[in-house]
Number of protein chains: 2
Amino acid sequence: MQKHQVTIIDIARKMGISKSTVSRALTNNANIKPETREAVIRVANEMDYQPNMLALGLIKNETRMLGVIIPDIEKPFFASIVSGIQHAAARMNYRIIIAQSDESPEIEKENIKALMLSRVDGFLICHTRDTRDFEQIKQLHSKGVPLVSFARICQELPIPKVVEDDFNGLFTTTQHLIERGKKRIALFAGPKHLLASRLRLNGYKTALQQHNIPFNPKLVKHSKFLTENVEEAMEYWLNLPEPPDGICTVYDGGAIKIIEILKRKGIKIPEQIAVTGFGNDSWASIIDPGLTTYEQKPFEIGQIAGKFMLELLTKGKPSMYSQLTISKGSLIVRQSS
Amino acid sequence: MQKHQVTIIDIARKMGISKSTVSRALTNNANIKPETREAVIRVANEMDYQPNMLALGLIKNETRMLGVIIPDIEKPFFASIVSGIQHAAARMNYRIIIAQSDESPEIEKENIKALMLSRVDGFLICHTRDTRDFEQIKQLHSKGVPLVSFARICQELPIPKVVEDDFNGLFTTTQHLIERGKKRIALFAGPKHLLASRLRLNGYKTALQQHNIPFNPKLVKHSKFLTENVEEAMEYWLNLPEPPDGICTVYDGGAIKIIEILKRKGIKIPEQIAVTGFGNDSWASIIDPGLTTYEQKPFEIGQIAGKFMLELLTKGKPSMYSQLTISKGSLIVRQSS
DNA sequence: GTTTAAAATGGGAACGGTTGCGGGAATGTT
DNA sequence: AACATTCCCGCAACCGTTCCCATTTTAAAC
């Protein structure tokens, strides 16, 4: 569409000098007479010259673009991460290309392929919930493509990884309920195969253990983050001879459903049953009762991931401590506990 | 970093043919012997050849990248729009580059400049709240750069624009309260200078007028979306000799604050004062009472904007109806009214 | 005024593809 | 067998830069 963009050759012709000289004047490293430089720069501005990054990229074999692959940007958690990455990248004059996998491993693969074709300088990836096959990303790694993994990471690869503190999150909320005097604390957990689920389960177990509370398998229900799962679990727990007096969940969305059910049944929160969440979603402070939850710092996760990528890009290798970085969250106590 | 990527020259050398032949075999338009084509394709696959989009872009003068500039991707409204754009773009094999202006007109300008340098094929822009100066974008337009404006649009430019239905939103919620029998309906409005604010105010006024309710300036308070603004307005309204019996707001966040204040004062919702929002934020259904609100369709807005951009890119001109597209929302009635 | 080194500039290859043009081989026609 | 036609393929230019190397200009030294 755009009418012929001004090139250094146009400038050179206009000034009656060679394009090499123009190039040198515009890049400030080579040796050139100061007056010439100034003259060229003036003409370049007059003609509204804009360097062609494509040509430059072709030579330097870089695009200053980073591929960011996430499951779903409409989830606030991911949106904040993306924001963090973008801010970190912008500071170093990198652009980010967003591709969503929609939680589909196939689309994830296609996205990686497409971004490889676009010759991005590196990838920041958060895998799908169902991604089991890491062959493709391993190939990228063996080709030497800079890679950073976050949130849902690929453990098998020696690349920088940034995750939220799953273990500590559930350890903290569970311990909090124990300190509130709760004895029979249930856990509404995530899918078994997810690393994050296992870590959170461990945090829960460890908290119990440290306070000499025996682990009761009946009080743990795995879920697929579905409303039905919540209902089934509550049905089951409330009909136990000794129902729980506290329920930890691994995501705020689950906690809110539980609170709804408890309110409907007239069970007092937190006196009879206390509830905790995970994530500090935007509405956690708005609902009644306010939800006690573990706040994550997704923006920070994004920033750290971005920082590692830039380290990879400049130094070639990230600092030693970068293999697995755990972003600490913090407990936010509200009326539900 | 990456070891030398395979080029068509490598393939040509290996097969003892010229790079032109390889190129022709790989792009399926030119005339070439079928056997040769197959052989080349086979070798290309064996060698894991990947075309270099930079070189291609240099020739075709296109990058298949779209620049998307938004104020803040952490806002769910914008995140959904971006998602819509991304999905639309992906379908046509375009990538999107995200840049956030953080509501700063200066950063917005810088972003546009940076993306111009990256030679994106087009821009999808949502301006800052404070963007008043559209010179830069007008220049882009006069250069022939494909442009689509959404949500916070530049009215002065003859380009496709996609917006939510501000007028209808407030018209609908106001009318809804009137139908609920409310007589003194207040409006918690946005900043006066914003187009969207004016449209929403008009929707409110028109609804009143159509039902023969006189417009009372005392019942309209402009805000800058700050909590203090809500408190001031409520303080003022509740101390009127005849306080309102219904309050429309122009964003859900304001409605929630109002509900909080009303609950604190023991005022019954909706019997004494009904409340409506705008946006259908994720927590609107969760709070107590559930918030009656006007649901926007940001994902759809993004998709439409993306579609227009692709039309611009392929046909050169978007269809006639594309000048201003208004994405209809719908009223969601809950317990707050 | 010459010589010599240093500084400034120009020429051209290279990056990785596409594409118009021309030529040689294969095929068809008389 | 001679000629026209078609079909493939190679050559070379081009896209907009950078950068090495050669060449010219300038300045300094004798």
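Letters A, B, ... are given to chains in the order of the sequence lines, protein chains preceding strands, and every chain is numbered from 1.
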Which comes earlier along DNA chain D counting from the 5' end, the contact point of A:Tyr49 or that of B:Pro34, where each point is its nearest nucleotide? B:Pro34
Let me know the distance between NZ of A:Lys33 and C1' of C:dG10, rounded to the nearest Å. 14 Å
Does one side chain, of A:Thr63 or A:Arg119, offer a donor that lies under 3.5 Å from an acceptor on the other? no
Base of C:dG16 paired with side chain of A:Arg119 (donor-acceptor, under 3.5 Å): no
Hey, is the side chain of A:Ser18 poking within less than 4.0 Å of OP1 or OP2 on C:dG10, counting only N and O atoms? yes
Which nucleotide, C:dA8, C:dG20, C:dG12, lies nearest any side-chain atom of A:Ser20? C:dG12
Report yes if at least one side-chain N or O of B:Thr36 is closer than 4.0 Å to OP1 or OP2 of D:dC8; otherwise report no. no
Contact class for A:Glu62 vs. all strands (heavy atom < 4.0 Å): base, sugar-phosphate, or nothing? nothing
Given atom CG of A:Asp10 and atom C1' of D:dC15, what is their separation to the nearest angstrom? 13 Å
To the closest 0.5 Å, what do you measure between CD1 (B:Ile112) and CD (B:Gln139)? 10.5 Å
Return the 5'-most residue of the pair B:Asn52, A:Gly16 with respect to DNA chain C, ranking by each residue's nearest nucleotide. A:Gly16
Between the side chains of B:Ser101 and B:Ser104, does any donor sit under 3.5 Å from an acceptor? no
Any heavy-atom pair between the side chains of A:Pro51 and B:Leu117 that's under 4.5 Å? yes
Nearest whole angstrom, please: distance from the C1' of D:dC19 to the CG of A:Leu58. 14 Å
Closest to side chain of B:Thr21, choosing from D:dT18, C:dG16, D:dG10: D:dG10
Look at A:Asp130 together with A:Arg152 and state whether they make a salt bridge at an N to O cut-off of under 4.0 Å. no
Just call it for A:Asn31: base, sugar-phosphate, or nothing, with non-hydrogen atoms closer than 4.0 Å on any strand. base
Would you kindly give the CZ-to-C1' distance between A:Arg13 and D:dG16, to the nearest whole Å? 12 Å
In whole angstrom, give the distance that lies between atom CD1 of A:Ile8 and atom P of C:dG11. 13 Å
Is it true that B:Glu300 and B:Ser327 share a donor-acceptor pair across their side chains at a distance under 3.5 Å? yes
Using a heavy-atom cut-off of under 4.0 Å over every strand shown, decide if B:Leu54 touches base, sugar-phosphate, or nothing. nothing
Return the value, rounded to whole Å, for the distance between atom CD1 of B:Ile11 and atom P of D:dG10. 14 Å
Could you check whether the side chain of A:Arg24 and the base of C:dG10 have a donor-acceptor pair of N or O atoms closer than 3.5 Å, going by distance alone? yes
In whole Å, what is the span from the CD1 atom of B:Ile59 to the C1' atom of D:dG16? 11 Å
With sugar-phosphate meaning primed atoms plus P, OP1 and OP2, does B:Ile32 contact a base, only sugar-phosphate, or nothing at under 4.0 Å between heavy atoms? sugar-phosphate
Which nucleotide sits closest to the side chain of A:Thr27: D:dT18, D:dC21, D:dT17? D:dT18
With sugar-phosphate meaning primed atoms plus P, OP1 and OP2, does A:Ile17 contact a base, only sugar-phosphate, or nothing at under 4.0 Å between heavy atoms? sugar-phosphate
Atom CG of A:Asn61 and atom C1' of D:dT17 are separated, to the nearest Å, by 14 Å
Look at the side chain of A:Lys19 against the base of D:dT17 and say whether a donor-acceptor pair falls under 3.5 Å; ignore hydrogens and angles. yes
